[in-house]
Amino acid sequence: MIHPHSLEPGVWHIQDPASQRLTWNKSPKSVLVIKKIRDASLLQPFKELCIYLMEENNMIVYVEKKVLEDPAIVSDDNFGPVKKKFCTFREDYDDISNQIDFIICLGGDGTLLYASSLFQGSVPPVMAFHLGSLGFLTPFNFENFQSQVNQVIEGNAAVILRSRLKVRVVKEPRDKKTAIHNGLSENGLDTEGGKQAMQYQVLNEVVIDRGPSSYLSNVDVYLDGHLITTVQGDGVIVSTPTGSTAYAAAAGASMVHPNVPAIMVTPICPHSLSFRPIVVPAGVELKIMLSPEARNTAWVSFDGRKRQEIRHGDSISITTSCYPLPSICVCDPVSDWFESLAQCLHWNVRKKQAHFPEDEEDS
C-alpha cells in the first residue's frame with residue numbers, strides 16, 4: 001500500500017534527466033580516440049584532433065594499432081613525430097580499461113558501439129563526433145571541436161547514462177574440447193558444470209534469428225523463470241532504450257528515451273499477427289532457449305557482432321547491466337534525443353495541413 005503522504009507535491013521527487021552533469025575527480029590525462037576504419041575522409045580530422053590533444057592539452061592518446069597501419073598515415077612524414085607519441089593496443093589482446101579517462105569517437109554510430117564492446121566493465125565518458133552516415137548516437141559537429149573538447153576536459157558538459165544489457169550465453173558441450181570441468185576453458189571462457197559460458201555487454205540489442213534456415217525460428221522466452229511466450233517467426237530483438245531507435249524501430253517497436261529504465265522485446269516478422277512489441281522493467285532477467293519442438297537452430301548476435309549458433313540445450317540470459325555507457329551531450333539528454341529523432345529519422349515530418357481561407361472562417 002502507498003502511503004497517501006508519499007504522493008504529496010514535494011515529497012515524491014523525480015530527478016530531471018537534464019541535471020546529470022560530467023564531473024571529474026581529477027583532471028583527465030588520457031584519451032582513447034576511435035576512428036572509423038577504411039574511411040579516407042576521417043584522416044584529416046583524426047590528425048587534427050590528435051595533434052590538438054597531444055600538443056595543446058599534453059594528453060596521452062591511445063589508438064588501436066591497425067589505425068596507425070593505414071597507408072595514408074604511414075606515408076605522411078609530417079605526422080611522423082606525432083605518431084611516435086601514441087599508445088597503441090590490439091582488440092581482444094590488450095586490456096586498456098583502467099588506463100582511459102575518456103573516449104572520443106570519430107565516425108558513425110558504429111564507433112560508439114565499438115567503444116562499448118572494448119569495455120566489458122566500467123566505461124569512461126564518451127564524446128562522439130558525427131562524421132559517418134547516420135549519427136544518431138554521435139551528436140557533436142567536428143567544425144569547432146577545440147572548444148567542445150575543452151568544455152569536456154573542464155567538466156562543463158551534460159551526460160546521459162545509456163543502459164547496457166548483460167548477456168550470458170551458456171552452451172551444452174558437444175565435443176571433447178568443450179566438455180571440461182568448472183573453471184576456465186582453453187579460450188579463457190568461464191564454464192559451468194562442463195558447459196561453455198560467455199558474457200557480453202551490449203549497448204543496442206541482442207538479436208536471435210533463424211539464420212540461413214528456411215524454417216521459422218521457434219524460441220521460448222522466460223521472464224524471471226516463468227515462460228511468458230514462444231516466438232515463432234524470423235526471430236526476436238531484445239534491446240535497450242538506446243537500441244529502440246535502431247533495429248527494433250524498424251521491426252515496429254516504440255522509440256524509448258535512454259533515461260527510461262526498461263528492456264524492449266520485439267518480434268521480427270512474427271507468425272502471429274497479435275504479437276505486439278512489449279516493454280518490461282529494467283530489473284527483470286530474460287532467458288531465451290530453443291523450443292523443444294524447434295525444427296532448426298537459431299543464431300544470436302550482440303550489437304551486430306560475435307554472431308554464433310544456438311542449439312538445443314543452450315541458453316541466453318539477459319538483464320540490465322550495472323555498467324552503463326556515459327554519453328556526453330551537446331545540450332542535454334532530452335534536447336539531444338529529439339534533435340536526433342528530427343535530423344536522423346525525420347520523425348513525424350509531413351506537409352502541414354492548409355488552413356481555411358479567411359472568408360470561410362468568417363462564415
Side-chain angles (χ1 to χ4, degrees), residues 20 22 30-37 62-64 66-67 89-140 152 159-169 198-207 237-249 256-264 282 300-308 316-329 333 336-337 340 344:
Q20 299 175 102
L22 175 66
S30 60
V31 57
L32 167 62
V33 177
I34 295 176
K35 183 185 81 70
K36 186 178 178 182
I37 304 296
Y62 286 78
V63 295
E64 194 171 3
K66 62 185 177 184
V67 170
F89 72 96
R90 296 169 299 165
E91 185 187 9
D92 297 330
Y93 286 95
D94 302 314
D95 182 13
I96 58 169
S97 56
N98 295 321
Q99 302 171 42
I100 305 299
D101 291 327
F102 74 103
I103 304 168
I104 296 179
C105 294
L106 301 177
D109 291 350
T111 57
L112 193 71
L113 296 175
Y114 179 65
S116 171
S117 71
L118 293 175
F119 294 85
Q120 293 299 298
S122 179
V123 188
V126 182
M127 182 183 194
F129 289 91
H130 58 260
L131 292 162
S133 55
L134 186 56
F136 196 93
L137 304 178
T138 52
F140 285 91
V152 171
V159 171
I160 183 167
L161 296 177
R162 297 184 179 274
S163 65
R164 297 197 293 174
L165 299 174
K166 181 178 76 173
V167 187
R168 189 169 180 82
V169 180
M198 295 154 286
Q199 190 163 295
Y200 306 94
Q201 297 285 332
V202 175
L203 180 60
N204 261 1
E205 74 275 298
V206 181
V207 177
I237 304 164
V238 180
S239 61
T240 63
T242 293
S244 71
T245 50
Y247 192 2
V256 180
H257 189 277
N259 271 332
V260 178
I263 298 174
M264 274 59 67
V300 62
S301 60
F302 315 93
D303 284 341
R305 310 180 81 211
K306 309 290 185 183
R307 188 166 169 82
Q308 54 196 268
I316 305 165
S317 298
I318 305 169
T319 190
T320 300
S321 170
C322 59
Y323 299 111
L325 183 143
S327 182
I328 299 171
C329 304
D336 281 16
W337 192 66
S340 293
C344 299

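None of the values given here were measured: they were computed from a predicted structure.
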Could you check if a side-chain atom of [X] sits within less than 4.5 angstrom of a side-chain atom of [Y], using non-hydrogen atoms only?
X	Y	value
Ile100	Phe119	yes
Asp101	Ser30	yes
Asn259	Gln20	yes
Glu64	Tyr114	yes
Glu91	Leu118	yes
Phe129	Thr111	no
Ser163	Pro241	yes
Val152	Ile104	no

Working to the nearest 0.5 angstrom, can you tell me the gap between [X] [atom1] and [Y] [atom2]?
X	Y	atom1	atom2	answer
Leu113	Leu325	CG	CG	9.5 Å
Lys35	Lys66	NZ	NZ	10.5 Å
Ile237	Ser301	CD1	OG	9.5 Å
Phe136	His130	CZ	NE2	13.5 Å
Cys329	Met127	SG	CE	11.0 Å
Ser97	Leu32	OG	CG	11.5 Å

Donor-acceptor pair, side chain of [X] and main chain of [Y], under 3.5 angstrom:
X	Y	value
Asp109	Leu137	yes
Asp303	Val206	no
Ser239	Glu205	no

Given Ile160, Thr242, Val123, Leu203, the one that forms side-chain contact (heavy atoms from CB on, under 4.5 Å) with Ser327: Ile160
Atom OH of Tyr247 with >12 non-hydrogen neighbours under 6.0 angstrom: no
Candidate pair Gln308 and Phe302, rule side chain to side chain contact (heavy atoms under 4.5 Å, CB included), full reasoning: CA-CA 10 Å; Gln308 54 196 268; Phe302 315 93; 3.6 Å; yes
Nearest non-hydrogen partners of [X] and [Y], listed with the distance:
X	Y	value
Ser117	Arg305	OG-NH1, 3.1 Å
Ala115	Ile34	CB-CD1, 3.4 Å
Met264	Ser244	CE-CB, 3.9 Å
Ser122	Pro124	O-CD, 4.0 Å
Gly243	Ala248	O-CB, 3.8 Å
Leu22	Pro125	CD1-CG, 3.7 Å

Pair Tyr323, Gln201: side-chain N/O donor-acceptor within cut-off below 3.5 Å: no
Aromatic ring pairing His257/Trp337, orientation class (parallel under 30°, perpendicular over 60°, tilted between): perpendicular
